Amino acid sequence: MLIKNQIYEALITDYTAEGQGVAKVEGCAVFIPNAIAGERVRVRIEKAQKTWAAGKIVEILEKSPHRVNRECPISASCGGCDFWHMDYDEETRLKADRVRQCLNRLGGENLESLPILAAPTCYGYRNKAQYPVAVKKNRAYAGFFRAGTHDVVENNRCLILPEDTDRVKDTVMDYVNQFRVTVYDEVNHKGLLRHIYVRRGAVSGQILVCLAVNGNRIPKPEALIERLKAIPGFTTLVLSVNTKKGNAVLGDEFITLYGPGFIEDTLCGLNFRLSPRSFYQVNHHQAQRLYEAAISQAQITKSDTVLDLYCGVGTITLAMASAAGKVIGVEVIPQAVEDARDNAKRNGIENAEFFCGDAGQAALELEKQGIQADVVVVDPPRKGLNADTIEALHRFSPRRIVYVSCDPATLARDVALLKERGYVLQNALAADLFPRCAHVESIVCLTKPY
Ligand code: SAH
C-alpha cells in the first residue's frame, strides 16, 4: 500500500474512463488528473487504498510532446472539460484506444486498432448548455460545477459553446441580478432559479431558453423576454418546474412563456422539432457522421422492417425510413415520442411508427404480436441494454444489430452477451462527439451468420 502524502515517481501508461492518467507504482494503480501517457511525474498520494491510490502531480520529470498550454483559463477547476492540457491527436488516440480496450477486455474481441471519427473542431460545437447558478457576495452568477462537487465555477466564455449561448446566460443573469430573482440553495431547498438550460439548433440557429425553477413563475417575465429578443435566433422561453430535491436539472412540468415551447433543426436532411425534455445529440456535425455510419452499417433494403430502440425524437429512425419498408421507434420519454411522431409528419414520412415505453418491454411486446425485425438499432443511455432488451434481441434474431453507444464499457458487456446468443462483431468505430471532454461515442455492427 502506498503512503498518503508521500511523493513517488510514476510513469503514466494509460487513462481512466474519466480521462485521468494511470500509473503503476509498487504494484498499485495510481490515478492522476492532468497527466498524459508517456509522462514521468512526481506524484503526491492523496488517497491510498490496498489496490489503488489517487494522487496529484507535483512535478513533471519528462513531459509529453502532446502537452499543450490550456487555452481555457478556468479548465483546471471547471468540471466541464477534461482534456485542455493535451493536443487533439492524443485525445482522439486515447478515445479510440479506450473503445478498443473495452471491446477486447469485456467483449472478448482481439482488436489491434480501432478507427475514430475525429471532430473537425473543438470550439463552439456544443449545442446545449446547462448552467447551474449560485450567489457570491450578493451577486448571482452562472457557470459549471467544479469536478466532483456542487461548487459553481463562474465561466464567462466557454470555448466549446457557441458565443450566443453564453450571451443568453449573461442576459438571464443580468435580469436575475436586476430583479433580485432568488437563486436555489440545495441545502435549504429554498430559492427559485436552479439552472439555465439553453439549446440551439446548429443549422436553424433557433434558440430555446429554459429556466429550471423551484416554483412555477418568475418575476417580470416580459422584461426577460424583451432582452432575450435582442439575441438573434431567440425563439422560445420555457420554465421547467422542478420543486424536487436532487440533481435532476429539469422537472416534469413545462410552462411556455414565449414562442412555441420547442425549436427546430435540420439533421441528415430532415427537419426535427425538439422539446426541452427530448434528447438531441449536442454535436451536430459529428452526430450526423455517426448516423451516416449507422445507416451504412445497417445495410437496409426496401423490404426490411427496422426497429430503433431508444429512438429519442426519431433522428436515426427517420433517417433510415426512406431505405426501409417500415421503421419502428421506441422511446420512454413521452415528449420525445410526441416530437418523433410530429417529426415523421413534418417530413412526410409515412412508414414510421413510434411507441412510448421501456425499450426492452416494448420490444418483447412487439415480438409477441408477431412483428419481425430485420435490422435493430439500439442507442441506449450509459447503463446500456437491460436483460429484457437482450432477450428481445435474441427472440427477434435480426440479421443485423447496429449498436450506438455512449459508454464503451457497457457496450462491450452487451457485445459479449449478444455473442453468447450467436452474433459476431462485424465492425467497430469510435466517434468523437465531445472534443475536450472524456466521453466517447462508439458504434458497432453485429451480424448473425446462418
Ligand atoms: N437515438 C436517439 C436518442 C439516443 S439517447 C438520438 O440519437 O437522438 C437515448 C434515448 O433513450 C433517450 O432519448 C432516452 O430518453 C431514452 N431512454 C432511456 N431509457 C430508456 C428505456 N428504458 N426505454 C426506452 N428509451 C429509453
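Ligands are counted one by one from 1 in listed order, and the atoms in each one are counted from 1 as well. Residue numbers start at 1 and run along the sequence shown. Keep in mind that what you see is a predicted model, and the values were worked out from it rather than measured.
- A heavy-atom separation below 4.0 Å is found between Cys311 and ligand 1.
- Between Phe434 and His439, the angle of the ring planes goes over 60°, which puts this pair in the perpendicular group of the 30/60° scheme.
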Does the side-chain hydrogen bond (donor to acceptor under 3.5 Å, both in side chains) test come out yes or no for Gln101 and Arg98, once each step is laid out? CA-CA 5 Å; Gln101 284 187 31; Arg98 174 159 157 70; over 6 Å; no
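- Of the heavy atoms in Tyr291, only side-chain atoms (C-beta onward) come closer than 4.0 Å to ligand 1.
- Residue contacts with ligand 1 do not include Ala362, since none of its heavy atoms lies under 4.0 Å from the ligand.
- Nearest to atom 9 (C) of ligand 1 by heavy atom, out of Asp379, Asn386, Val404, is Asp379.
- For atom 5 (S) of ligand 1, the nearest non-hydrogen atom of the protein is Phe279 CD2, 3.4 Å.
- With hydrogens left out, the protein atom closest to atom 22 (N) of ligand 1 is Asp358 OD1, 2.7 Å, a heavy atom.
- Looking at ligand 1, you won't find any N or O of Asp308 less than 3.5 Å from one of its N or O atoms.
- Protein heavy atom nearest atom 15 (O) of ligand 1, with residue, atom name and distance: Glu331 OE2, 2.7 Å.
- Those atoms of ligand 1 that come under 4.0 Å of a heavy atom in Gly357, given as number and element, are 23 (N), 24 (C).
- Pairs passing the salt bridge (charged side-chain N to carboxylate O under 4.0 Å, His left out) check and including a residue from residues 357-380, sequence neighbours excluded, do not occur.
- Taking the six-membered ring where the residue is Trp, Phe31 and Trp52 present tilted rings, their angle falling between 30° and 60°.
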